[in-house]
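Each remark here refers to the structure printed beneath this line.
Everything numeric here is computed off the predicted structure, so don't read it as measured data. Count residues from 1 along the sequence.
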Amino acid sequence: MKSKVILTLTGLLFSFSVFAQNCGANLSLFSESAKVENYDNAYTHYKKIIKDCPEEKLMTYQYGAKMFESFIENAETEDEKEKFVEKFIENQNMRLKYFPNKTKKAKVLSDIAKVKYKNEIGTLEERLQAFEAIVEEDADNFVDPVALYAYFRIANTLNDNGDRDIQFLFDKYDEVIGLIETQENKKATQVQPLIEKEQNQEDLTSREKKIMKNSEIYLRNYNKIKGSVNSLLGSKADCENLIPMYNKDFEAKKGDVQWLKNAASRLFAKECTDDPIFFKIVEAQNDLKPSAKTALYLGRLAQKNGNMSKALDYYNQSAELEDKPADKARVYYNIAETYKKKGSFSSARSFYRKALSQKPSMGVAYLKIAEMYAKSANSCGNTTFEKRGVYWLAADYANRAGRVDPSLKSTAKATAESYRGRAPQKSDIFQEGMAGKTISYSCWIGESVKVPNF
């Protein structure tokens with residue numbers, strides 16, 4: 001009996017050893033073929049791997065994705081293409097199943113949604129659902145600019161075809177822009193301290209340079225995608241279309257809080273705030289359910305009517321009630337603008353900075369601070385050299401605007417150059433013996449600047 005047990009165990013160990021050897025051989029052969037893009041040969045081994053040892057190596061699915069992408073691209077018939085799209089999706093789902101800790105869910109779901117979109121697999125609604133799955137499962141890591149654009153483009157096509165109404169499109173627009181701005185803020189937050197380090201004439205490490213480069217690439221891409229999304233929405237959301245639509249529906253909808261909220265938000269976002277319908281909608285919304293948004297809108301109306309004190313009261317109320325960082329940033333920006341118009345630069349800067357703390361990619365706030373610094377040049381500093389040195393600070397802030405918001409890059413660059421042109425030049429620096437020294441300002445600016453060491 002004992003000998004039979006020993007023989008059985010020996011047989012099992014031998015079988016396991018053979019199995020392991022076969023698995024290892026297939027993994028090795030698959031890897032070697034995939035590396036040189038001999039995918040026909042690689043596929044033979046791939047099929048054995050996913051049958052016998054799918055949990056063995058992550059590279060199975062990494063190379064598998066590239067292999068199926070090649071098969072899809074070179075497919076000779078639609079049926080063949082569809083077959084390999086399904087295999088690609090299966091490959092990605094298996095990666096998520098067997099290597100969840102080494103796989104970003106949003107990345108896998110984006111890959112699946114994009115391959116369906118690119119190859120027109122399923123209906124438009126089914127393709128839309130593939131992108132919606134990313135938002136539902138892992139919105140914080142929905143970072144792919146191409147996927148974000150494709151998501152909105154499908155929604156736009158559904159609206160063009162009459163399958164979904166305009167409110168659906170507006171909702172998708174808000175969602176996609178919100179996703180883009182979330183990622184912009186993450187990247188802007190990463191580069192912000194590095195920009196300051198550079199402007200203080202400190203050297204960046206190789207790792208910091210890489211972070212800076214990658215973040216700025218992403219920021220440029222997000223800016224392009226945002227522009228493309230806005231182009232797709234186009235005239236559908238212009239005041240000329242929104243105002244008649246909301247005028248027509250107001251009486252029937254004035255008791256619907258959600259409708260009022262959406263209408264007010266859309267009109268405010270497109271700056272259609274001069275028309276009486278905007279005030280009617282905001283007033284109705286505020287009567288039914290006062291909120292951070294209604295306070296913001298009422299503040300804008302008070303500001304337009306020249307009642308700055310009332311506007312500030314509304315804006316501060318809105319800031320206290322608001323819980324979304326991007327929207328809170330917009331409120332702080334409005335407060336800053338109100339103080340700036342009153343000539344209260346220190347208070348204005350405080351709120352521009354609060355806006356940036358909520359939305360680090362709000363480059364326009366940096367431009368506004370730069371403008372106030374430039375306007376204060378004659379009232380800060382003890383000597384003419386020090387007064388003109390304020391323009392270096394103004395130029396630094398203008399530069400930051402273009403770094404965190406690529407849409408402002410050309411404006412920020414031109415503005416910074418203009419300020420530098422007013423700052424002391426090389427000959428002035430040497431004449432005053434100020435190269436490399438630091439100037440501190442005790443006026444409202446309260447900052448210091450290091451004189452360039454040419």
Side-chain angles (χ1 to χ4, degrees), residues 170 173-174 177 181 230 233 235-251 253-254 257 259-322 324-356 358-359 362-369 371-372 375 407-408 411:
F170 288 162
Y173 172 84
D174 290 341
I177 291 297
E181 290 185 345
N230 282 319
L233 188 65
S235 61
K236 293 178 183 179
D238 285 349
C239 298
E240 291 77 9
N241 288 317
L242 293 175
I243 289 170
M245 180 176 75
Y246 291 138
N247 266 313
K248 176 175 69 70
D249 295 338
F250 179 73
E251 285 302 320
K253 298 285 190 179
K254 63 184 180 182
V257 172
W259 183 88
L260 292 168
K261 180 181 176 182
N262 291 337
S265 176
R266 184 63 48 206
L267 289 167
F268 184 80
K270 301 304 282 188
E271 298 189 358
C272 312
T273 54
D274 289 331
D275 193 273
I277 188 61
F278 178 68
F279 181 75
K280 285 168 69 176
I281 288 171
V282 170
E283 202 172 37
Q285 185 186 350
N286 196 57
D287 287 343
L288 291 171
K289 191 175 182 180
S291 67
K293 295 294 187 298
T294 57
L296 172 63
Y297 304 149
L298 290 169
R300 176 65 68 85
L301 290 168
Q303 187 174 341
K304 283 195 172 185
N305 292 330
N307 192 336
M308 295 299 187
S309 178
K310 192 173 183 181
L312 281 171
D313 286 342
Y314 277 126
Y315 287 149
N316 279 300
Q317 179 186 341
S318 179
E320 288 177 13
L321 293 170
E322 188 57 74
K324 292 182 180 177
D327 291 339
K328 192 182 281 283
R330 182 163 58 175
V331 177
Y332 285 144
Y333 181 83
N334 276 280
I335 296 174
E337 286 285 273
T338 306
Y339 277 120
K340 180 172 174 286
K341 286 175 183 175
K342 291 173 66 177
S344 302
F345 287 173
S346 181
S347 295
R349 180 181 61 184
S350 174
F351 281 98
Y352 284 131
R353 285 176 171 170
K354 284 185 178 183
L356 285 162
Q358 298 294 319
K359 186 179 179 182
M362 189 182 270
V364 66
Y366 283 124
L367 281 179
K368 296 289 185 174
I369 294 172
E371 181 188 342
M372 293 191 300
K375 285 182 177 179
S407 70
L408 296 174
T411 300

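- Asp327 and Arg330 are joined by a salt bridge, as a carboxylate oxygen and a charged side-chain nitrogen come within less than 4.0 angstrom of each other.
- Scored by the ring pair (Phe, Tyr, Trp, His ring centres under 6.0 Å) test, Phe170 finds no partners at all (sequence neighbours excluded).
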Show me the donor-acceptor pairs within less than 3.5 Å that the side chains of residues 340-347 make with the rest of the protein, sequence neighbours left out.
residue : atom : partner : partner atom : Å
Lys340  : NZ   : Glu371  : OE2          : 3.2

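- By the salt bridge (Lys or Arg N to Asp or Glu O under 4.0 Å) test, Asp249 is found to be paired with no residue, residues two or more places apart in sequence or in another chain being considered.
- The distance from the CD1 atom of Ile335 to the CG atom of Leu312 is 7.0 Å, given to the nearest 0.5 Å.
- Within the structure, side chain to side chain donor-acceptor pair (under 3.5 Å) contacts touching residues 280-291 (residues at least two apart or in different chains) are Asn286-Thr294.
- With sequence neighbours excluded, no residue forms a ring pair (Phe, Tyr, Trp, His ring centres under 6.0 Å) with Tyr314.
- Under the salt bridge (Lys or Arg N to Asp or Glu O under 4.0 Å) criterion, Asp274 pairs with Lys304, sequence neighbours left out.
- With sequence neighbours excluded, the residues forming a side chain to side chain donor-acceptor pair (under 3.5 Å) with Asn230 are Tyr173, listed by chain and number.
- Between Tyr333 and Tyr352, the gap from one ring centroid to the other is short of 6.0 Å.
- With sequence neighbours excluded, no residue satisfies ring pair (Phe, Tyr, Trp, His ring centres under 6.0 Å) with Tyr366.
- Under the salt bridge (charged side-chain N to carboxylate O under 4.0 Å, His left out) rule, Glu322 has a single partner from Lys328, Lys354, Lys293, which is Lys293.
- Scanning for salt bridge (Lys or Arg N to Asp or Glu O under 4.0 Å) contacts around Glu251 gives Lys254, with sequence neighbours left out.
- Atom CG of Asn316 sits about 11.5 Å away from atom CG of Asn334, to the nearest 0.5 Å.
- The salt bridge (Lys or Arg N to Asp or Glu O under 4.0 Å) test applied to Arg300 returns no partner, not counting sequence neighbours.
- Asp275 places a side-chain N or O within donor-acceptor distance of the main-chain N or O of Ile277, the cut-off being under 3.5 Å.
- For the ring pair (Phe, Tyr, Trp, His ring centres under 6.0 Å) test, residues two or more places apart in sequence or in another chain that qualify with Phe278 are Tyr297.
- Applying the side chain to side chain donor-acceptor pair (under 3.5 Å) test to Ser265 and every residue at least two apart in sequence or in another chain returns nothing.
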